[in-house]
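Only heavy atoms go into these numbers, but all of them, side chains included; no hydrogens, no water, no symmetry mates. All chains are named by letter (A, B, ...) in the order of the sequence lines, taking the proteins before the strands, and each is independently numbered beginning at 1.
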Amino acid sequence: AQRVTQPEKLLSVFKGAPVELKCNYSYSGSPELFWYVQYSRQRLQLLLRHISRESIKGFTADLNKGETSFHLKKPFAQEEDSAMYYCALRAHGGGFKTIFGAGTRLFVKA
Amino acid sequence: ETGVTQSPTHLIKTRGQQVTLRCSSQSGHNTVSWYQQALGQGPQFIFQYYREEENGRGNFPPRFSGLQFPNYSSELNVNALELDDSALYLCASSLAEDTEAFFGQGTRLTVV
């Protein structure tokens with residue numbers, strides 16, 4: 001079964017602390033993984049995708065096929081990082097379908 | 001260039017009724033996907049349209065149907081509404097089936 005699991009509903013850290021948002025997936029093929037972010041009163045938007053292997057707003061995510069994980073990390077959290085983060089997997093076969101996790105709310109305290 | 005727009009923003013329907021939600025794709029985008037997001041959950045994929053053809057569908061019953069028009073705008077139709085259909089419905093458009101999706105602000109549907 002294709003599934004994305006984000007074990008934490010809420011993550012609260014202090015400004016300047018490291019952040020790791022966990023994501024595990026279940027998919028039999030070669031996955032495409034994404035992180036989406038939704039800031040307060042804004043629409044859902046793409047943060048990064050694993051094939052780009054880039055850092056966006058200081059965030060990085062590495063695909064670990066052995067552990068079927070795609071955790072999102074940032075070494076020093078900022079207050080403006082407070083948002084809802086969704087991990088997503090795009091499945092191929094019979095068209096394309098994107099499966100989202102339930103999301104993790106990140107709260108960065110001053 | 002305008003972004004993805006959805007209408008209406010909110011609506012309330014009675015159980016058993018039918019509803020049509022609309023999505024205007026971002027300029028130049030030929031692919032549109034629809035998602036249902038229940039409270040406290042992530043978006044759930046309903047279906048995707050590419051150049052007016054459905055080319056992917058999630059685990060939703062046939063009473064959820066869609067259309068994509070020649071200008072690539074789209075509709076989501078839901079028949080025989082149930083209370084559990086109450087959710088935020090999101091539309092996302094992209095340049096192609098496998099490129100970055102841009103989301104609309106959503107339509108909040110409440111079924112009473």
Side-chain angles (χ1 to χ4, degrees), chain A residues 1-10 21-27 29-54 56 70 72 83-106, chain B residues 2-7 9-10 23-26 29-60 64 66 68 74 87-108:
Chain A
Q2 300 157 351
R3 188 167 54 245
V4 175
T5 303
Q6 294 179 253
E8 303 138 330
K9 280 198 172 298
L10 173 67
L21 294 141
K22 291 185 166 48
C23 172
N24 288 90
Y25 67 91
S26 172
Y27 183 57
S30 194
E32 272 192 272
L33 275 297
F34 305 83
W35 277 98
Y36 283 84
V37 61
Q38 187 166 27
Y39 301 102
S40 179
R41 287 187 290 279
Q42 293 188 28
R43 56 189 67 189
L44 195 60
Q45 58 185 282
L46 179 67
L47 179 63
L48 53 80
R49 54 197 303 182
H50 88 272
I51 59 172
S52 302
R53 304 182 69 82
E54 57 191 343
I56 305 290
F70 188 56
L72 183 68
M84 194 74 183
Y85 291 81
Y86 294 96
C87 181
L89 175 154
R90 184 153 64 196
H92 299 195
F96 292 85
K97 152 172 138 170
T98 300
I99 300 158
F100 283 82
T104 297
R105 180 164 297 283
L106 175 64
Chain B
T2 57
V4 180
T5 56
Q6 294 185 241
S7 61
T9 308
H10 299 84
C23 173
S24 179
S25 301
Q26 189 160 318
H29 288 190
N30 60 22
T31 303
V32 66
S33 302
W34 285 92
Y35 296 84
Q36 180 195 67
Q37 187 173 19
L39 205 58
Q41 301 295 319
Q44 277 199 70
F45 178 80
I46 303 175
F47 42 56
Q48 182 182 74
Y49 278 81
Y50 171 66
R51 296 192 174 196
E52 304 178 58
E53 298 285 330
E54 184 183 296
N55 75 334
R57 191 177 180 93
N59 295 326
F60 280 81
F64 285 78
Q68 188 180 28
S74 177
L88 181 69
Y89 288 85
L90 296 169
C91 163
S93 75
S94 52
L95 277 171
E97 302 164 278
D98 59 347
T99 57
E100 179 181 348
F102 292 83
F103 282 81
Q105 81 284 6
T107 293
R108 172 76 58 191

A.B. asks: For A:Ile99, is it the side chain, the backbone, both, or neither that has a heavy atom closer than 4.5 Å to a heavy atom of chain B?
C.D. replies: neither

A.B. asks: Just wondering, more than 12 heavy atoms not from A:Leu10 lying within 6.0 Å of its CG?
C.D. replies: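 Yes, CG of A:Leu10 has more than 12 neighbouring heavy atoms, counting only those of other groups under 6.0 Å.
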
A.B. asks: Tell me which of these, B:Gly106, B:Gly40, B:Pro43, B:Gly104, has more heavy-atom pairs under 4.5 Å with chain A than the rest.
C.D. replies: B:Pro43

A.B. asks: Check each atom of A:Arg105 against the heavy atoms of chain B and say whether the ones under 4.5 Å are side chain, backbone, both or neither.
C.D. replies: neither

A.B. asks: Output all residues satisfying salt bridge (Lys or Arg N to Asp or Glu O under 4.0 Å) with B:Glu54, sequence neighbours left out; order by chain, then residue number.
C.D. replies: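 For B:Glu54 the salt bridge (Lys or Arg N to Asp or Glu O under 4.0 Å) partners, ignoring immediate neighbours, are B:Arg57.
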
A.B. asks: Heavy-atom pairs under 4.5 Å with chain A are the metric here; pick the option from B:Gln37, B:Gln41, B:Gln105 that has the most.
C.D. replies: B:Gln105

A.B. asks: Is there a side-chain contact between B:Ser33 and A:Thr98 (heavy atoms, below 4.5 Å)?
C.D. replies: no

A.B. asks: Need one label for B:Tyr50: side chain, backbone, both or neither, based on atoms under 4.5 Å from any heavy atom in chain A.
C.D. replies: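 For B:Tyr50, no heavy atom lies under 4.5 Å from chain A.
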
A.B. asks: To the nearest 0.5 Å, what is the distance between CD on A:Gln42 and CZ on B:Phe103?
C.D. replies: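 Atom-to-atom, A:Gln42:CD and B:Phe103:CZ are 14.5 Å apart.
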
A.B. asks: Quick check: closest heavy atoms across A:Arg43 and B:Val4, and the distance to 0.1 Å?
C.D. replies: NH1-O, 2.7 Å

A.B. asks: Rounded to the nearest 0.5 Å, how far does NZ of A:Lys97 lie from CD of B:Gln44?
C.D. replies: 10.0 Å

A.B. asks: Mind checking which of residues 29-36 of chain A sit less than 4.5 Å from chain B, heavy atom to heavy atom?
C.D. replies: A:Tyr36

